[in-house]
K.L.:
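Shown below is the structure under consideration.
Both backbone and side-chain heavy atoms feed into the values below; hydrogens, waters and symmetry mates do not. In each ligand, atom 1 is the first atom listed, and ligand 1 is the first ligand listed.
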Amino acid sequence: MAQKDDTKKTEKEVKKDKKPNYTADDIYILEGLDPVRKRPGMYIGSTGIDGLHHLVWEIFDNSRDEAMGGFANEIEVVILPGERIRVADNGRGIPVDIHKQTKVSALETIMTTLHAGGKFGGESYKIAGGLHGVGASVVNALSTDLKAEVHTGKDKHIQEYKIGKPQYKTKRVGPSKFKGTVVTFQPDGSIFSETKFNYQTILNHLRQQAYLVKGLRVRVMDLRDYEGEIDDSNVLYLKDLNLNVPSYTFYFEGGIKSLVVYLNEGETPVHKNIFYTEKLMEDGGSVECALQYVEDVDIREVSFANNIKTPEGGSHLTGFKTALTRIINDYARKNNLIKESDENFTGEDVREGITSVISIKLREPQFEGQTKAKLGNPEARSMVESVFGEAFSTFLEENPDDAKIIISKVVLALKARKAAKAAKESILRKGVLEGLTLPGKLADCQSKSAEESELFIVEGDSAGGSSKQGRDRRTQAILPLKGKILNVERAGLDKMLAFKEIKALVIALGAAIADEFDLSKLRYHKIIIATDADVDGAHITTLLLTLFFRHFAPVIENGYLYIAQPPLYKVQKGKDITYAYSDTERDKALKGKEGYNVQRYKGLGEMNPEELWETTMDPARRVLKQVNVSDAEEADKVFETLMGSNVEARKLFIQSHAKEVENIDA
Ligand code: 1YM
């Protein structure tokens, strides 16, 4: 193999040599703001009321990130007359020195360009919110007017923009003893369908944000109806103008622990100490959890990823739930709070009555789902599982009084769950077993011996009528089922039984259901499903197979379940009658093909009692298909397609199935 020639340099390396200070870390792409105005929805979600508020969150986020970095501890957000917004913080101030690559101030650069593909600004913001300052330019692009003021503790610099375009170079306008940044902007009414801010929306969002940054003070004011002069040229915060207007201040020393207290207002805590833990990871990420149980059955779970609420949870919440279940089970066993033979608490048991807050920070968060309300990153699961698990285990060890009372609450939840299940089953038994009278629709057989008794489940009343007349009434029973019985929900047994037709079948079988099922009580050892050879018939067969598969599996396992195979054609020449069960059989029956009368049966209802007996019911002549477990499994899958929430799959199935039936007929 050829040795790499060190003396030769690739083109890239040569270029690099010419710019020795240029490292890969500095690579980023700067783009103008045109794309933002062309497709605002791409950047702020919508141009409706939510998008309008999004502008506030973007500017606020920059202040909040500065606070999370430990450089600021107070943010003021004000709605000004004319629906303008002013956000101020006491951080380091956006840098105003000339930026190497763009040759304009860093402030102008972040306000007038979309940045992507590399770091811009400081290392300290890597986790906090992706690329720091990205949002500011978006807000600038969507504002008719924006003013940025930077206080350095010595000087005050300002720059103003119209629709994102600087009106002059960043300039020093005088001295300032303050440190911080102020951004004031007027959303562009030609972009937004709604330009009136909702004070409550702003208060709610900022309160929530304040919980997420311990020790941060967030003040909010609505000055839209203030009629006097507002001259902010000598202040950082408008509060200092003493305008004598009401304001809200959110300050939570305990962070998300305070959020748990807030969520539990009006509830009765079952234990005194609120669990709280926070851990900073090596890569700059972090995990923060707080929880407390209250005397209630509801679950209050709030989760965040990078300060963004995740109402649909996701991997971080999964990690939390897994650890909670494991730790509580382990603790209860280790401390003999439950017997060795007792079953484990379930996830539901350990979460009954809990109030929990999870806040996680990680690199490159992936938000999933339609509303981007769910965290996807798999590493978040193990992060929370280990950090929370370890800390909660320690909490239980160190707070045995709290631990004991939590466990007894969980034991109560388990007992309640089991009692509810037992109650449901007893209702089931009462309904099915007690006061058992055979359904009126059932035409029972005379024999009381299950071995020789047969139950025909036939589709529709007309087929029911013919089969009742055509049967051997000593051994054959008929139960007609009305068509269109498909709207049975897949899950609940109780719901299935609430359905008249199914309940009649269960009673006719005589062997009860679910835990109570007793094969020895089964009244028929041949249960024969006889439906029409069309889509409805196929649906009913599918439903019945599923019912047996899920709730009467032993019937199938013992070979008691059958599907009748009625003929598709009656081929007649004079007194000579042949029944054909397929097209091939029909063609075979047509010898010479002349003088024959071919009748096609569309359903059982079209046969007279005699024909039905000859073709489908007479044990000497009929064709039955014995159902095995794999048939039923298949039906179960089909059933899921038919009953499940996937409408597309269902449509597809019905369409293709209809074709199949057509093909058989053709
Ligand atoms: C009212 C809005 O934007 N505050 C703010 C922004 C920045 C800084 C401080 C800051 C960051 C860094 C260094 C850094 C930003 N700086 C930049 C960039 N309030 C508001 N406060 N010094 C100051 O990231 O290292 C972007 S935002 F990129 F220019 F450094």
K.L.:
Distance under 4.0 Å to a non-hydrogen atom of Thr181: what atoms of ligand 1 satisfy this?
P.N.:
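Those qualifying, in numeric order: 1 (C), 4 (N), 5 (C), 19 (N), 20 (C), 21 (N).
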K.L.:
Closest by any non-hydrogen atom to atom 5 (C) of ligand 1: pick that one out of Val96, Ile75, Ile94.
P.N.:
Ile94
K.L.:
Strictly below 4.0 Å, N to O, side chains only: are Glu76 and Lys239 in salt-bridge contact?
P.N.:
no
K.L.:
Looking at Phe367, I'd like to know if its CZ atom is crowded, meaning that more than 12 non-hydrogen atoms belonging to other residues, nucleotides or ligands lie closer than 6.0 Å.
P.N.:
yes
K.L.:
Under 3.5 Å, is there a donor-acceptor pair linking the side chains of Asn377 and Glu379?
P.N.:
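Checked: Asn377/Glu379 side chains pair up, N/O donor to acceptor below 3.5 Å.
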K.L.:
Need the ligand 1 atom indices (1-based, order shown) with element for anything under 4.0 Å from a heavy-atom of Ser63.
P.N.:
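Reading through ligand 1 atom by atom, the close ones are 1 (C), 2 (C), 19 (N).
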K.L.:
Which atoms from ligand 1 have a heavy atom of Ile59 less than 4.0 Å away?
P.N.:
1 (C), 2 (C)
K.L.:
Going by the closest heavy atom to atom 22 (N) of ligand 1, which one wins out of His99, Arg92, Met111?
P.N.:
Arg92
K.L.:
Are the aromatic ring centres of Phe388 and Phe275 under 6.0 angstrom apart?
P.N.:
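For Phe388 and Phe275, the ring centres are under 6.0 Å apart.
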K.L.:
Between Leu107 and ligand 1, find which residue part has any heavy-atom pair under 4.0 Å and reply side chain, backbone, both or neither.
P.N.:
neither
K.L.:
May I ask you to say whether Lys272 pairs ionically with Asp402, meaning some side-chain N is under 4.0 Å from a carboxylate O?
P.N.:
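Salt bridge absent between Lys272 and Asp402.
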